[in-house]
Visitor: 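Here it is, the structure, as structure tokens.
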Number of protein chains: 2
Amino acid sequence: MMARQRTDSKVTEDFGGLRMTKQRQVVYDVLTDLGSTHPTASEVYVTAKERMPTISLATVYNCLETLTGAGAIKQVNIDREASRYCPNLQPHAHFFCTGCNKVFDIGLESDADATSVWSLPEGCRLEEMHVAMRGICGICDRCSQCCAESGQS
Amino acid sequence: MMARQRTDSKVTEDFGGLRMTKQRQVVYDVLTDLGSTHPTASEVYVTAKERMPTISLATVYNCLETLTGAGAIKQVNIDREASRYCPNLQPHAHFFCTGCNKVFDIGLESDADATSVWSLPEGCRLEEMHVAMRGICGICDRCSQCCAESGQS
DNA sequence: AGATATTTTTAGAATAGTTCTTGATCTAAA
DNA sequence: TTTAGATCAAGAACTATTCTAAAAATATCT
């Protein structure tokens with residue numbers, strides 16, 4: 001699935017013949033390094049600029065779009081807030097906690113199919129599905145019970 | 001659940017003690033009259049202005065926000081495109097057809113539970129869930145087979 | 001009813017995230 | 001090494017939405 005190429009330190013992945021420029025590699029690495037924080041384009045930009053001071057915000061946007069198009073990363077939208085980006089390619093939903101403002105990946109129950117609960121009209125070809133949830137995460141919920149404060153991050 | 005009030009022609013609904021001003025009534029009526037087209041704020045504005053020429057776009061935004069907050073209508077977001085609004089209060093998903101650019105309501109299979117397929121961490125309080133799908137609707141799919149054209153609306 | 005307070009509306013300015021434009025730079029191919 | 005195409009950088013432009021301030025409408029209180 002992923003071909004290796006020569007690089008000094010990092011595994012460079014080949015996503016569908018995408019030319020992996022230095023900028024794209026930095027953006028991709030930042031995204032995987034930020035792990036599950038689901039950063040926005042601006043947040044990616046801040047960290048990318050530390051590693052490559054000449055990179056521009058427009059380039060970060062370009063790279064994120066290109067990587068998304070190539071299927072290397074996913075774009076996550078919660079309402080109309082700034083898009084976030086996510087390196088998790090497994091099928092999953094996103095839980096947005098209104099207490100701490102964090103986004104969590106939510107996996108499928110084992111051998112569950114997210115589409116099967118929906119009554120799709122005959123002939124529909126489903127190509128993508130985005131599931132966004134809002135609520136209070138377990139940490140914030142527990143915190144609000146014991147200290148009666150909103151668990152700000 | 002919904003108290004009736006005197007009006008000339010239309011049923012005026014009382015959503016959680018919301019003051020139903022003329023503007024809010026017009027916006028709400030436009031939304032139900034546009035049926036399942038899932039109009040944007042601007043599209044609501046165009047039709048609302050025909051019925052009440054003095055109404056402003058800001059008021060349409062205000063009314064849509066107020067009605068959404070009162071639970072009278074739902075806001076629908078597909079990626080970061082302009083928000084659409086929907087008078088269907090039943091739990092349902094939205095299918096966005098990339099062929100004809102239309103949005104369809106997708107109901108749940110009978111006695112299915114959309115949340116049960118997701119493995120929510122213990123202690124999470126889920127308050128809202130939005131399911132957005134992209135693909136080709138049955139009409140566009142059939143059309144592309146017989147006439148080899150993208151079924152533009 | 002009349003006076004006062006509160007809410008809502010209007011119009012336009014402001015904002016934020018994103019996209020576009022243009023010229024420079026890089027890369028791949030011939 | 002020349003040429004063509006892709007990518008990058010910087011800043012301008014765009015668009016959906018929110019904010020602001022003043023006017024209008026509505027509710028509340030004597």
Side-chain angles (χ1 to χ4, degrees), chain A residues 5-7 12 14-30 38-46 48-70 72-85 96 101 103, chain B residues 5-7 12 14-30 38-46 48-49 51-70 72-86 96 101 103:
Chain A
Q5 299 178 344
R6 284 176 300 111
T7 39
T12 303
D14 173 32
F15 290 105
L18 189 69
R19 187 195 295 177
M20 195 47 103
T21 64
K22 281 181 185 160
Q23 286 85 350
R24 287 176 187 165
Q25 187 68 55
V26 166
V27 167
Y28 180 74
D29 289 347
V30 166
H38 300 85
T40 63
S42 303
E43 289 164 350
V44 170
Y45 174 59
V46 168
K49 207 165 175 64
E50 291 170 5
R51 304 186 186 181
M52 180 186 265
T54 59
I55 203 169
S56 73
L57 179 58
T59 296
V60 170
Y61 271 104
N62 285 340
C63 292
L64 289 169
E65 188 189 5
T66 307
L67 290 165
T68 303
I73 64 176
K74 280 186 177 175
Q75 192 184 48
V76 179
N77 293 295
I78 308 271
D79 296 347
R80 274 186 53 87
E81 287 167 22
S83 288
R84 295 165 178 275
Y85 296 86
F96 181 80
N101 274 18
V103 178
Chain B
Q5 298 179 344
R6 285 176 300 110
T7 39
T12 303
D14 172 33
F15 290 105
L18 189 69
R19 188 194 294 178
M20 196 45 105
T21 63
K22 281 181 186 162
Q23 286 85 350
R24 286 175 187 165
Q25 187 68 55
V26 166
V27 166
Y28 181 72
D29 289 346
V30 165
H38 299 84
T40 63
S42 302
E43 288 165 350
V44 170
Y45 175 59
V46 168
K49 208 166 173 64
R51 304 187 187 180
M52 181 186 265
T54 59
I55 203 170
S56 73
L57 179 57
T59 297
V60 170
Y61 271 102
N62 285 341
C63 292
L64 289 169
E65 187 188 5
T66 307
L67 290 165
T68 303
I73 64 176
K74 280 186 178 175
Q75 192 184 45
V76 178
N77 292 295
I78 309 270
D79 297 346
R80 273 188 50 89
E81 287 167 22
S83 288
R84 295 165 178 275
Y85 296 86
C86 170
F96 181 79
N101 274 18
V103 177

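Lettering of chains follows the sequences in order, A, B, ..., and the numbering in each one begins at 1.
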Visitor: Whole-Å distance between C:dT9 C1' and B:Lys49 NZ?
Guide: 12 Å
Visitor: Rounding to a whole Å, what distance do you find between B:Met52:CE and C:dT8:P?
Guide: 15 Å
Visitor: To the nearest Å, how far apart are A:Ile78 CD1 and C:dG17 P?
Guide: 15 Å
Visitor: Looking across every strand, which nucleic acid part, if any, lies under 4.0 Å from A:Thr54 by heavy atom: base, sugar-phosphate, or nothing?
Guide: sugar-phosphate
Visitor: Tell me: CD of A:Glu43 to P of C:dG17, nearest whole Å?
Guide: 10 Å
Visitor: When rounded to the nearest 0.5 angstrom, what is the spacing between CD in A:Gln23 and CE in A:Met52?
Guide: 4.5 Å
Visitor: Kindly say if A:Ser56 contacts the phosphate of D:dA10, meaning a side-chain N or O under 4.0 Å from OP1 or OP2.
Guide: no
Visitor: Compare every heavy atom of A:Ile55 with every heavy atom of A:Lys49, then report the nearest pair and how far apart it is.
Guide: NZ-O, 3.3 Å
Visitor: Of all heavy-atom pairs between B:Thr68 and B:Leu64, which one has the smallest distance, and what is that distance?
Guide: OG1-O, 2.6 Å
Visitor: If you compare all heavy atoms of B:His38 against all heavy atoms of B:Val76, which two are closest, and at what distance to 0.1 Å?
Guide: CD2-CG2, 4.4 Å
Visitor: Which heavy atom of B:Leu57 sits nearest a heavy atom of B:Tyr45, and at what distance?
Guide: N-CE1, 3.3 Å
Visitor: Tell me what A:Ser83 touches on the nucleic acid: a base, only sugar-phosphate, or nothing, going by heavy atoms under 4.0 Å.
Guide: sugar-phosphate
Visitor: Within the 3.5 Å criterion, strictly below it, is a donor on A:Asn77 or A:Glu81 matched to an acceptor on the partner's side chain?
Guide: no
Visitor: Grab the N/O contacts between the protein and nucleotides 19-27 of chain C below 3.5 Å, and write none if there aren't any.
Guide:
none

Visitor: Between B:Leu64 (CG) and C:dT9 (P), how many Å, whole number?
Guide: 12 Å
Visitor: What nucleotide among D:dA16, C:dT18, C:dT9 has an atom nearest to a side-chain atom of B:Gln23?
Guide: C:dT9
Visitor: Tell me the closest heavy-atom pair linking A:Arg84 and A:Thr40, and the distance in Å.
Guide: CG-CG2, 4.1 Å
Visitor: Look at B:Arg24 and C:dT8 and indicate whether a side-chain polar atom (N or O) is within less than 4.0 Å of OP1 or OP2.
Guide: yes
Visitor: Can you tell me the distance, in whole Å, between the CZ atom of A:Arg80 and the P atom of D:dC14?
Guide: 18 Å
Visitor: Grab the CD-P distance between B:Gln25 and D:dA25 for me, whole Å please.
Guide: 18 Å
Visitor: Rounded to the nearest Å, what distance is computed from the OH atom of residue B:Tyr45 to the P atom of nucleotide D:dA16?
Guide: 14 Å
